Protein chains: 2
Amino acid sequence: MKQILSGDDLIKLLAALSNPFRLKIIAILHQEKQYVSQLARELGISRPLLYLHLQKLEEVELIKGHHEISETGKAMKYYELNSFNIVLNEQIIADLAENLSIKKRKD
Amino acid sequence: MKQILSGDDLIKLLAALSNPFRLKIIAILHQEKQYVSQLARELGISRPLLYLHLQKLEEVELIKGHHEISETGKAMKYYELNSFNIVLNEQIIADLAENLSIKKRKD
DNA sequence: TACACCTGTAATATAATTATTACATATGAA
DNA sequence: TTCATATGTAATAATTATATTACAGGTGTA
């Protein structure tokens with residue numbers, strides 16, 4: 001995970017964390033790496049939806065996926081958690097807010 | 001600001017922080033308290049939109065509003081920033097993820 | 001072959017967030 | 001009175017985020 005964030009990166013990171021399924025994914029992967037289908041079962045959601053959440057977490061580098069060949073020869077996709085430590089206070093946010101992009105509607 | 005958060009509270013807090021206007025509001029209020037119309041001018045947005053953002057920040061107790069009577073006698077609504085310090089790592093999130101509510105669609 | 005697993009994505013629907021427009025009300029000053 | 005300032009909200013539109021459904025393909029085993 002990046003050490004120095006831009007304001008935009010911070011927003012993406014916080015957005016990635018502000019969803020219950022994604023927090024639960026982090027909690028599960030904190031125990032041990034897990035593959036997609038098993039994760040979907042544990043969370044009680046469909047794989048397509050899970051992929052969406054995994055992508056958001058991977059985009060901000062909170063998790064990382066890789067392929068493994070199981071003992072029985074099947075291709076499995078495992079995800080594991082990256083370690084991170086985020087500190088937020090008013091000074092840090094004030095600094096990062098300096099360079100922040102605002103999306104314009106209908107340009 | 002609360003010291004002990006639930007998982008749901010954490011999500012609300014992070015959601016409140018994952019918006020560029022709201023980070024800018026925090027940055028401005030970090031300098032000094034400000035009243036609504038002036039804030040809207042500085043941010044370049046309408047007051048109705050600003051109210052929406054202010055409400056989200058106030059709901060999670062990052063800011064606090066109060067009324068003041070200006071020298072000229074007008075009622076002004078000022079907002080000021082609460083100090084905060086948020087630390088997030090995988091262990092903290094794993095703990096908070098234990099009690100997390102998942103919204104059901106069409107129950 | 002048929003079954004039980006697995007990965008992956010496209011197309012679509014639903015819900016939530018963000019943004020706009022249009023009001024109503026009040027005060028002080030010219 | 002008229003103008004410029006302020007607070008506040010209701011109704012609606014636009015955009016983004018979430019969620020579902022329906023596919024296509026692969027491997028190992030009975």
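Since this is a predicted model, take the numbers as computed values, not measurements. Throughout, a chain's letter reflects where its sequence line sits, starting with A, and its residues are numbered from 1.
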>> On the nucleotide C:dA19, are OP1 or OP2 found under 4.0 Å from the side-chain N or O atoms that B:His53 carries?
In response: yes

> In whole Å, what is the span from the CD1 atom of A:Ile45 to the P atom of D:dT18?
Replying inline: 11 Å

> Which nucleotide in the set C:dT18, D:dT18, D:dA6 lies at the smallest distance from any side-chain heavy atom of B:Leu49?
Replying inline: C:dT18

Protein-nucleic acid N or O pairs under 3.5 Å, nucleotides 25-29 of chain D:
none

>> Which residues pass the ring-ring contact (aromatic ring centres under 6.0 Å, His included) test with B:His53, not counting sequence neighbours?
In response: B:Phe21

> With A:Asn89, which residues qualify under side-chain hydrogen bond (donor to acceptor under 3.5 Å, both in side chains), at least two apart?
Replying inline: none

> How long is the line joining CD1 of B:Ile11 and C1' of C:dT17, in whole Å?
Replying inline: 16 Å

> Taking atom P of D:dT7 as reference, at what distance in whole Å does atom NE2 of B:His66 sit?
Replying inline: 12 Å

> Take atom NZ in B:Lys33; do more than 12 heavy atoms of anything else shown fall under 6.0 Å from it?
Replying inline: yes

> B:Leu57 has an atom CG; how far is it from atom P of C:dT17, in whole Å?
Replying inline: 14 Å

> A:Asn19 side chain N/O closer than 4.0 Å to the phosphate oxygens (OP1, OP2) of D:dT18?
Replying inline: yes

>> If the condition is side-chain hydrogen bond (donor to acceptor under 3.5 Å, both in side chains), which residues does B:Ser70 pass it with, not counting sequence neighbours?
In response: B:Thr72

>> Test: ring pair (Phe, Tyr, Trp, His ring centres under 6.0 Å). Region: residues 56-81 of chain B. Which pairs qualify, not counting sequence neighbours?
In response: B:Tyr35-B:Tyr78

> Can you name the side-chain hydrogen bond (donor to acceptor under 3.5 Å, both in side chains) partners of B:Glu42, sequence neighbours left out?
Replying inline: B:Gln34, B:Gln38

Close N/O contacts between protein and nucleotides 8-11 of chain C (under 3.5 Å):
residue: C:dG8; atom: OP1; partner: A:His67; partner atom: NE2; Å: 2.7
residue: C:dG8; atom: OP2; partner: A:Tyr51; partner atom: OH; Å: 3.2
residue: C:dG8; atom: N7; partner: A:Arg47; partner atom: NH1; Å: 2.5
residue: C:dG8; atom: N7; partner: A:Arg47; partner atom: NH2; Å: 3.4
residue: C:dG8; atom: O6; partner: A:Arg47; partner atom: NH2; Å: 2.9

> Who passes salt bridge (Lys or Arg N to Asp or Glu O under 4.0 Å) against B:Lys74, sequence neighbours left out?
Replying inline: none

> What is the distance from CG of B:Leu39 to P of D:dA6, rounded to the nearest Å?
Replying inline: 12 Å

> Over how many whole Å does the gap from A:Glu59 atom CD to D:dA17 atom P extend?
Replying inline: 10 Å

>> So for atom NZ, which belongs to B:Lys77, do other residues, nucleotides or ligands contribute more than 12 heavy atoms lying within a distance under 6.0 Å?
In response: yes

>> If hydrophobic residues (ILVMFWY) are linked whenever their side-chain heavy atoms come closer than 4.5 Å, directly or via other members, who joins B:Ile69 in its cluster?
In response: none

> In whole angstroms, how far is the P atom of D:dT12 from the CG atom of B:Leu52?
Replying inline: 18 Å

> Where the side chain of B:Lys56 is concerned, which of C:dC6, C:dT18, D:dT20 is the nearest nucleotide?
Replying inline: C:dT18

>> Less than 4.0 angstrom between a side-chain N/O of B:Ser46 and OP1 or OP2 of C:dA19, yes or no?
In response: no

> Given atom CG of A:Leu43 and atom P of D:dT18, what is their separation to the nearest angstrom?
Replying inline: 14 Å

